[in-house]
Amino acid sequence: MATAATPQQAIPAQAVDLTVPNPKRTQNLSLPLMQGCEFNSETKGLQIVVDEGFLKFNLELPSMQSIRLTLNQSSGTISGTSDNPVTITVNDYTLIRSSDDHNSHFHDVTYMITSQWLHQGNNSIRIQLDQNARTRITLKSVGVAGIATGASSGGGS
């Protein structure tokens, strides 16, 4: 049985800045592959512009741990309506399928990735625009933060 991350092993909060044309890797998160995406200098963000376009991040973990994944995103609109469902996969698991929050202002959307889906070493996080999407999604950053497990368990929120 693998042990959970201690506070010393949990990765610190970090985000890949997508407001620049050539995003730089952080300590544990990199963007080695993207397809169907382009930098938009007007919105200063990376847009997924074609059906099934994607960003594929590599998350390097020193130990098994749960991760908080945060996307700073905005839904594109046509005539005031958005239609840009996104599916996020982590390694071989589907974290969220066809999510479209219809919010055309930049905002944070946070997901929890449990330690059962992740392993020590390299992990894949793929953010993909679904087939038949009619509008684009723009991302200003994608961030992660490790969640250390303590000796006591507190209440949830």
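Sequence positions, counted from 1, serve as the residue numbers for this chain.
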request  = Considering non-hydrogen atoms only, spot the tightest contact between Thr81 and Thr135 and give its length.
outcome  = O-CG2, 3.8 Å
request  = Verify the cluster assignment for Leu59 and Ile147: are they in a single hydrophobic cluster under the rule of side-chain heavy atoms below 4.5 Å apart?
outcome  = no
key: Distance in Å, Leu18 CG paired with Gln47 CD, rounded so as to fall on 0.5 Å steps   = 12.0 Å
ask   = Hey, quick one: are Ile137 and Phe54 part of the same hydrophobic cluster, counting side-chain heavy atoms closer than 4.5 Å, chains of contacts allowed?
value = no
ask   = Just by distance, do the side chain of Gln116 and the backbone of Thr114 share a donor-acceptor pair under 3.5 Å?
value = no
task = Specify the closest pair of heavy atoms between Asn91 and Leu118, including all atoms of both residues, with the distance to one decimal.
result = ND2-CA, 4.0 Å
message = Tell me if a side-chain donor or acceptor on Asn84 pairs with a main-chain N or O of Arg136 at a distance below 3.5 Å.
response = yes
inquiry  = Could you walk me through whether Asp130 and Ser98 satisfy the side-chain hydrogen bond (donor to acceptor under 3.5 Å, both in side chains) test, starting with their C-alpha distance in whole Å, then the side-chain angles of each, then the deciding distance to 0.1 Å, before giving a yes or no?
reply    = CA-CA 7 Å; Asp130 289 0; Ser98 300; 2.5 Å; yes
message = Please report the interatomic distance CD(Gln9) to CD(Gln65), rounded to the nearest 0.5 Å.
response = 8.0 Å
request  = Might you point out which heavy atoms bring Leu129 and Val86 nearest each other, and give the distance in Å?
outcome  = CD1-CG2, 4.3 Å
message = Treating Thr94 as the side-chain partner and Arg97 as the backbone partner, does any N or O pair qualify as donor plus acceptor under 3.5 Å?
response = no
query = For the atom pair OH (Tyr93) and CD1 (Ile125), what is the distance rounded to the nearest 0.5 Å?
reply = 14.0 Å
ask   = Is Leu55 reachable from Val109 through a run of hydrophobic residues whose side-chain heavy atoms are each under 4.5 Å from the next?
value = yes
note = Note: Lys24 and Val16 closest approach over all heavy atoms is O-CG1, 3.8 Å
Side chain Ser66, main chain Ser115, donor-acceptor under 3.5 Å = yes
request  = Give the minimum heavy-atom separation between Ser82 and Gly76, together with the two atoms involved.
outcome  = CB-O, 3.0 Å
key: For Leu46, the option from Leu31, Thr138, Asn40 that meets side chain to side chain contact (heavy atoms under 4.5 Å, CB included)   = Leu31
query = Roughly how far, to the nearest 0.5 Å, is CG of Asp92 from OG of Ser124?
reply = 8.5 Å
ask   = Is the shortest heavy-atom distance from the side chain of Lys44 to the side chain of Lys140 under 4.5 Å?
value = yes
message = Applying a strict under-4.5 Å side-chain criterion to I, L, V, M, F, W and Y, I'd like to know whether Val49 and Leu139 cluster together.
response = no
message = Test your reading of the model: is there a side-chain donor-acceptor pair from Ser74 to the backbone of Ser104, 3.5 Å cut-off?
response = yes
request  = Determine whether more than 12 heavy atoms belonging to other residues, nucleotides or ligands lie under 6.0 Å from atom CZ of Arg134.
outcome  = no
key: Check: Gln14 side chain, Pro12 main-chain N or O, donor-acceptor pair, under 3.5 Å   = yes
inquiry  = Under the criterion side-chain hydrogen bond (donor to acceptor under 3.5 Å, both in side chains), I'd like the reasoning laid out for His102 against Ser75: C-alpha separation, chi angles, the key distance, then a yes or no.
reply    = CA-CA 6 Å; His102 305 288; Ser75 294; over 6 Å; no
Pairwise distance NE2(His119) to CE(Met64) - rounded to 0.5 angstrom = 11.0 Å
request  = Determine the sole option in Leu95, Ile67, Val90 for which the side chain to side chain contact (heavy atoms under 4.5 Å, CB included) test with Tyr111 is passed.
outcome  = Leu95
ask   = Short question: side chain of Asn123, backbone of Gly121 - any donor-acceptor pair under 3.5 Å?
value = yes
query = Going by atom types only, do Thr70 and Asp108 share a side-chain donor-acceptor pair under 3.5 Å?
reply = no
note = In this structure, CG of Asp17 is separated from CG of Asn22 (nearest 0.5 Å) by 11.5 Å
ask   = Transitively linked via ILVMFWY side-chain contacts under 4.5 Å: Ile48 with Phe106?
value = no
Worked verdict on Leu69 versus Thr110 for side-chain contact (heavy atoms from CB on, under 4.5 Å) = CA-CA 6 Å; Leu69 173 69; Thr110 302; over 6 Å; no
task = Decide yes or no on side-chain hydrogen bond (donor to acceptor under 3.5 Å, both in side chains) for Gln128 and Thr87, but give the supporting numbers first.
result = CA-CA 5 Å; Gln128 180 171 329; Thr87 295; over 6 Å; no
query = Passes side-chain contact (heavy atoms from CB on, under 4.5 Å), Gln73 versus His107? Steps please.
reply = CA-CA 6 Å; Gln73 68 182 40; His107 61 288; 4.0 Å; yes
inquiry  = For a quick test of reading the model, state the closest non-hydrogen atom pair linking Gly146 to Ala10 and the distance between them.
reply    = C-CB, 4.1 Å
inquiry  = Any side-chain to backbone donor/acceptor pair from Asn28 onto Glu60? Under 3.5 Å, distance only.
reply    = yes
ask   = If only atom types and distance count, is the side chain of Gln120 paired as donor or acceptor with the main-chain N or O of Pro62 below 3.5 Å?
value = yes
